[in-house]
Q: 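Structure incoming, see below.
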Number of protein chains: 2
Amino acid sequence: MPQLRLALAQVNACVGDLDGNADLVVEWTRKAAEAGAHIVVFPEMVLTGYPVEDLALRESFARASIDRLTALAGQLADAGCGDVAAFVGYLDRDEHGKRNAAAVLHGGRVAATQYKHHLPNYGVFDERRYFTPGSNLGIVRVHGLEVGMVICEDLWQDGGPIAALGQAGVDLVVSPNASPYERNKDDRRLPLVARRAAEAGAPLAYVNLIGGQDELVFDGDTLLVAEDGTLLARSPQFVEHLTVVDLDLPGGSPRTDGQVGDFAVTRTTLSEAPLARYEPLPAPRVAEPLSDEAEVWHALVTGLRDYVHKNGFRSVVFGLSGGIDSAVVAALAVDALGADSVHAVSMPSVYSSDHSKSDAADMARRTGLHYSEQPIADMVAVFVDQLGLTGLAEENVQARCRGMTLMGLSNQHGHLVLATGNKTELAVGYSTIYGDAVGGFAPIKDVLKTLVWDLARWRNDEAEKLGELAPIPENSITKPPSAELRPGQVDSDSLPDYELLDSVLDEYVDGDKGYHDLLAAGFDHELIDRVLRMVDKAEYKRRQYPPGTKISEKAFGRDRRLPITSGWREG
Amino acid sequence: MPQLRLALAQVNACVGDLDGNADLVVEWTRKAAEAGAHIVVFPEMVLTGYPVEDLALRESFARASIDRLTALAGQLADAGCGDVAAFVGYLDRDEHGKRNAAAVLHGGRVAATQYKHHLPNYGVFDERRYFTPGSNLGIVRVHGLEVGMVICEDLWQDGGPIAALGQAGVDLVVSPNASPYERNKDDRRLPLVARRAAEAGAPLAYVNLIGGQDELVFDGDTLLVAEDGTLLARSPQFVEHLTVVDLDLPGGSPRTDGQVGDFAVTRTTLSEAPLARYEPLPAPRVAEPLSDEAEVWHALVTGLRDYVHKNGFRSVVFGLSGGIDSAVVAALAVDALGADSVHAVSMPSVYSSDHSKSDAADMARRTGLHYSEQPIADMVAVFVDQLGLTGLAEENVQARCRGMTLMGLSNQHGHLVLATGNKTELAVGYSTIYGDAVGGFAPIKDVLKTLVWDLARWRNDEAEKLGELAPIPENSITKPPSAELRPGQVDSDSLPDYELLDSVLDEYVDGDKGYHDLLAAGFDHELIDRVLRMVDKAEYKRRQYPPGTKISEKAFGRDRRLPITSGWREG
């Protein structure tokens with residue numbers, strides 16, 4: 001059977017950086033060429049980054065993307081990679097509108113183009129806002145082999161392009177993707193890709209982005225699956241990676257163009273003669289998927305690192321209270337940026353316990369991050385005295401003096417401020433707006449409190465397995481959580497038990513379940529009432545909260561769009 | 001010709017408040033019945049409010065909407081209005097998904113139902129996220145007259161339901177709408193409705209919501225246009241209003257059901273016998289559209305009032321600096337809520353000029369709002385001294401001490417905090433996050449600086465026309481704008497001339513124009529460069545800014561969705 005060497009380029013593109021992303025394509029196509037590959041596949045919209053959001057509406061951006069693609073074709077040829085067929089995603093525009101497109105670059109020119117057919121418009125996706133769906137399939141013939149393509153969602157929806165490719169007849173299907181990470185999503189990808197490979201009657205190469213983009217993080221998890229469902233290659237998650245693999249494919253005469261179902265099939269021959277038989281490479285690595293906690297940890301580290309670096313920051317600052325949330329944020333920041341880029345500030349008040357300060361200092365010693373102390377008593381006093389504040393107003397002033405302190409240090413020294421709140425707090429509004437909610441980025445915004453504890457334990461275990469010092473003080477993990485805004489306060493004064501609370505939130509927020517569904521699931525009606533009221537009332541706080549990495553099925557942010565003004569009450 | 005008395009109910013629904021909205025439908029149907037109307041038309045999704053956003057995805061909410069609709073049909077009959085055919089928008093759900101629907105309630109039951117066909121998914125709209133498009137047309141026969149319906153966007157898109165109704169043959173078309181206010185949009189509605197009436201070959205009644213919902217405000221502007229384009233009725237903007245009008249309509253035998261183009265037409269007879277000839281009412285009022293400034297002013301007042309009241313607040317607090325922005329916010333708040341609900345705080349620093357304090361006090365005297373003074377010198381000193389802040393960090397601390405003061409007063413006294421920033425500042429990032437950006441609502445968020453001045457002058461002129469005291473001190477309008485964060489500072493130190501700046505912003509933000517378009521429009525390349533960089537860099541601040549009423553073609557918020565992390569630079 002004819003042979004073909006395929007390279008799958010799992011790379012980290014940056015939204016809007018057309019020149020940087022074009023350079024990335026040149027660099028990795030060169031690597032593919034050096035490895036002897038005949039085709040190289042990049043992720044969806046690699047040239048523009050993903051998602052470009054309303055940049056897609058801007059004519060100047062679409063024009064730049066198209067011009068940059070043409071220039072890139074030339075650049076690849078100039079770099080000596082003109083023989084490699086490079087599948088490159090970009091933003092296109094024709095008389096029907098903007099297009100989520102991918103082109104095949106070959107011999108210094110744009111040899112073929114295809115538009116995405118199924119446009120996701122749910123969850124974090126707004127593609128119907130931007131793109132016109134395509135109904136063309138641009139099959140290219142490489143060394144006598146027929147290579148078809150489907151873009152991301154076209155793989156997830158039943159029917160459509162895959163079935164048409166199966167009917168048209170192809171030797172190989174490649175699929176550029178920009179599929180954001182979600183806990184457990186990777187468990188669904190492999191069976192899906194296997195099913196589609198069977199439908200297409202050909203091996204299927206799934207190539208995904210890696211890296212962080214505002215609230216999204218892409219995990220890669222690039223896959224190659226044979227027609228019979230055999231997993232031939234899997235790239236490690238959250239790192240740039242080139243998988244190079246030799247395939248024996250059936251081949252045959254070029255079939256005719258024309259309409260197949262809803263799709264107009266065009267065929268472009270890049271090279272006709274089959275390759276002379278060569279010694280194939282050893283089978284590539286099939287990476288083991290990460291464990292659940294490891295995967296979440298890497299997602300959070302990647303999301304944080306890319307937000308910081310892609311936005312031009314070199315360091316971060318945040319409040320280190322000795323509690324579990326800020327301890328986990330500290331450990332993430334050190335893993336993401338290195339201890340020397342991490343500045344933690346202990347900001348004790350008159351209500352702060354001794355262990356708050358000692359646990360924070362212990363964390364600093366364990367990780368080597370920069371640590372300083374700024375007591376807030378004098379700041380708090382002047383507001384409380386001048387304005388005559390009591391009760392909740394006084395509690396909030398403490399949180400806000402801390403927020404102002406961090407912003408002052410950020411303005412003075414150029415650090416990005418991190419908010420250390422978790423998803424449970426954000427859900428029920430157990431945070432102070434302009435106080436602990438202050439920050440440019442919120443690394444654990446989408447992590448429920450119980451998962452924060454699990455991650456802390458997992459990270460410490462990992463350290464111990466490697467013979468390293470555990471980064472997080474045991475005391476930060478085991479002590480009862482407290483905001484320490486009044487004497488002897490603990491979270492359980494104001495909130496249900498966290499195990500129970502997180503179970504309700506999982507159903508109500510992630511699952512969009514209603515009151516009666518929750519009753520049916522066995523939760524107590526007073527608990528349901530209490531939690532749902534808290535969640536609904538806190539919408540205004542969430543609107544002003546900083547972005548943070550999505551890891552769950554439904555993250556606060558553009559994944560969950562609820563009105564602030566609402567008379568709806570479940571019950 | 002047979003007669004029919006039609007009532008158009010331009011009402012203010014609240015998102016999610018199914019019971020409250022159902023009561024509203026009963027109350028206004030009763031008014032219509034008392035006026036002898038045979039049919040009454042309510043706005044789009046009046047039962048649920050609009051837009052319900054992700055509530056539409058929640059099964060419990062869809063079920064409640066359907067159940068509430070059925071109950072409402074009974075409630076109308078019980079209230080003695082069962083003879084009136086009431087066109088009521090609601091959220092429906094069938095085996096194909098959720099539906100943006102409107103029903104005809106008559107005789108105690110749901111007599112007919114229709115689903116929206118064209119689902120807007122641009123600007124502030126995300127309807128493809130929620131709804132499955134319909135392709136049914138439910139024509140009802142009332143006193144021997146054929147009444148068809150099209151829902152909102154179905155009116156705006158060429159082809160589709162209107163053409164089908166024209167072909168099927170109807171005597172009257174009614175159109176429930178939830179069309180948010182935008183400057184100049186009402187100028188486009190009348191010609192559109194006239195064109196559609198001609199296409200349908202029947203008079204067309206356009207009924208729109210009024211009231212504020214988070215960032216949107218609906219202006220009403222309910223219209224009735226004859227087949228020949230004659231404007232028969234127009235309701236005043238921004239107020240609840242019932243227009244009752246008698247029509248002579250051709251009538252004829254009921255035509256058959258069936259497929260018309262893409263649409264399945266079903267006909268339901270509510271009553272067959274034509275009405276005995278009666279004395280028609282005098283022709284209703286054709287309200288004059290408001291002037292541009294008046295319209296914007298009413299939009300801002302309505303948006304603010306409804307945000308405050310629908311969220312359960314009774315009073316507002318904000319910083320009154322003596323400058324133009326806070327003066328306009330103060331005047332809006334007094335118009336929206338009454339002076340007794342408005343609390344303004346002067347928060348002078350060591351850099352504040354004497355006229356700042358005297359202009360603020362003058363504003364308070366003119367309007368009767370509650371006024372107090374809280375100097376911030378002591379607060380600022382403790383942060384600056386303890387943290388060693390200089391330059392911009394010191395400037396920002398002043399703005400943040402003001403923000404904290406307002407939040408403290410809000411927490412202590414229950415006022416909603418208003419942010420007083422305008423669209424120009426928000427565009428170029430000329431504001432301090434967690435400082436002057438603090439607030440639950442930002443009334444002039446979508447008002448460019450030059451329009452802020454125009455509105456101030458217009459509002460004072462209006463007062464003078466009515467023989468009232470002008471609310472805004474002349475000095476606040478005429479003095480050079482300054483943030484007063486360092487000695488002698490004026491806005492023009494940091495920003496281009498506001499006339500020029502606003503012209504660039506209008507093209508770049510509202511018009512989505514690129515660098516070369518701006519050059520072609522005659523702007524200087526250095527100015528373009530400077531403004532575009534400022535706008536792009538401030539995206540992170542806008543993400544955390546409070547909501548505020550949209551009045552422009554493209555407001556910051558869900559109307560303009562740009563990435564924070566972006567390598568794209570126009571140029």
Side-chain angles (χ1 to χ4, degrees), chain A residues 14-17 20 52-55 57-61 121-122 126 128-129 213-214 307 310-311 374 378-379 382-383 386-390 392-393 396-397 400 403-405 407-409 411-412 434 438 440 512 514-517 540 543-544 546-547 560-568 570, chain B residues 14-17 20 52-55 57-61 121-122 126 128-129 213-214 307 310-311 374 378-379 382-383 386-390 392-393 396-397 400 403-405 407-409 411-412 434 438 440 512 514-517 540 543-544 546-547 560-568 570:
Chain A
C14 178
V15 160
D17 185 7
V52 298
E53 306 187 48
D54 278 12
L55 286 177
L57 302 176
R58 208 178 291 169
E59 200 46 38
S60 56
F61 186 69
N121 205 66
Y122 54 81
D126 283 318
R128 300 294 299 243
R129 180 179 174 87
Q213 171 60 29
D214 289 350
Y307 190 88
K310 288 180 177 178
N311 282 291
Q374 289 291 354
D378 294 347
M379 306 165 181
V382 63
F383 284 95
Q386 183 174 327
L387 303 175
L389 305 179
T390 56
L392 184 69
N396 282 342
V397 162
R400 294 198 179 110
M404 274 191 68
T405 297
M407 289 306 296
L409 297 172
N411 287 158
Q412 194 71 31
Y434 320 127
V438 153
D512 250 336
Y515 182 86
H516 293 285
D517 308 309
Y540 78 99
R543 282 296 175 93
Q544 296 190 39
R560 184 177 185 269
R561 307 176 189 178
L562 283 174
I564 298 176
T565 305
S566 172
W568 174 244
E570 291 281 344
Chain B
C14 178
V15 160
D17 185 8
V52 298
E53 306 187 49
D54 279 11
L55 286 177
L57 303 177
R58 210 178 290 169
E59 200 47 36
S60 56
F61 186 69
N121 205 67
Y122 54 82
D126 283 318
R128 300 295 300 242
R129 178 179 175 88
Q213 170 60 31
D214 289 349
Y307 190 88
K310 289 180 178 178
N311 283 291
Q374 290 291 354
D378 294 347
M379 306 165 180
V382 62
F383 283 96
Q386 183 175 328
L387 302 175
L389 304 179
T390 55
L392 184 70
N396 282 342
V397 161
R400 292 196 180 113
M404 273 190 69
T405 298
M407 289 306 297
L409 297 172
N411 288 158
Q412 193 73 31
Y434 320 125
V438 154
D512 250 337
Y515 182 87
H516 293 284
D517 309 308
Y540 78 101
R543 282 297 176 93
Q544 296 189 40
R560 185 176 186 268
R561 308 177 187 177
L562 283 174
I564 299 176
T565 305
S566 172
W568 174 243
E570 290 281 343

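By convention in this document, chain letters (A, B, ...) are assigned in the order of the sequence lines, proteins followed by strands, and residues within each chain are numbered from 1. Because only heavy atoms are used, hydrogens play no part in the values below, and waters and symmetry mates are left out as well, while side chains stay in.
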Q: Does A:Pro563 have any side-chain contact (heavy atoms from CB on, under 4.5 Å) partners at least two apart in sequence or in another chain, and if so, which?
A: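 A:Pro563 satisfies side-chain contact (heavy atoms from CB on, under 4.5 Å) with A:Ser566, B:Val15, B:Glu53, B:Leu55, B:Gln213, B:Asp214 once adjacent residues are dropped.
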
Q: Taking all non-hydrogen atoms of both residues into account, name the closest pair between B:Cys14 and A:Gly567 and its distance.
A: SG-N, 4.3 Å

Q: Out of B:Thr390, B:Val52, B:Asp17, B:Asn121, return the one with the most heavy atom pairs under 4.5 angstrom to chain A.
A: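 That would be B:Asn121.
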
Q: At a heavy-atom distance under 4.5 Å, which candidate from B:Asp517, B:Leu57, B:Val438 has the highest pair count against chain A?
A: B:Val438

Q: Tell me, do B:Ser60 and A:His516 make a side-chain contact under 4.5 Å, heavy atoms counted?
A: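 A side-chain contact under 4.5 Å is absent here.
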
Q: Looking only at heavy atoms, which two atoms of B:Thr565 and A:Lys310 are closest? And how far apart?
A: CG2-CB, 3.4 Å

Q: So B:Tyr307 and A:Ile564, side chain to side chain contact (heavy atoms under 4.5 Å, CB included) or not? Walk me through it.
A: CA-CA 9 Å; B:Tyr307 190 88; A:Ile564 298 176; 3.3 Å; yes

Q: Taking atom CG of A:Leu387 and atom CE of B:Met407, what is their separation to the nearest 0.5 Å?
A: 12.5 Å

Q: Mind checking the CZ-OH spacing from B:Arg128 to A:Tyr122? Nearest 0.5 Å is all I need.
A: 14.0 Å

Q: I need the minimum non-hydrogen distance between B:Asp512 and A:Arg58, along with the two atoms involved.
A: O-CG, 3.1 Å

Q: Checking A:Phe61 now: which residues fulfil ring pair (Phe, Tyr, Trp, His ring centres under 6.0 Å) with it, not counting sequence neighbours?
A: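 If we apply the ring pair (Phe, Tyr, Trp, His ring centres under 6.0 Å) test to A:Phe61, skipping adjacent residues, the hits are B:Trp568.
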
Q: Which atoms form the tightest heavy-atom contact between A:Gln412 and B:Gly388, and what is the distance?
A: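 The answer is CD-O, 3.7 Å.
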
Q: Using a 4.5 Å cut-off on heavy atoms from C-beta on, say whether the side chain of A:Asn411 contacts that of B:Leu389.
A: no

Q: Which label fits B:Tyr434 and A:Tyr434: parallel for a plane angle under 30°, tilted from 30 to 60°, or perpendicular past 60°?
A: tilted

Q: First locate atom CZ of B:Arg543, then atom CD of A:Gln544, and finally report the distance between them rounded to the nearest 0.5 Å.
A: 13.5 Å

Q: Tell me, with the steps shown, if B:Arg561 and A:Arg129 meet side chain to side chain contact (heavy atoms under 4.5 Å, CB included).
A: CA-CA 11 Å; B:Arg561 308 177 187 177; A:Arg129 180 179 174 87; 3.4 Å; yes

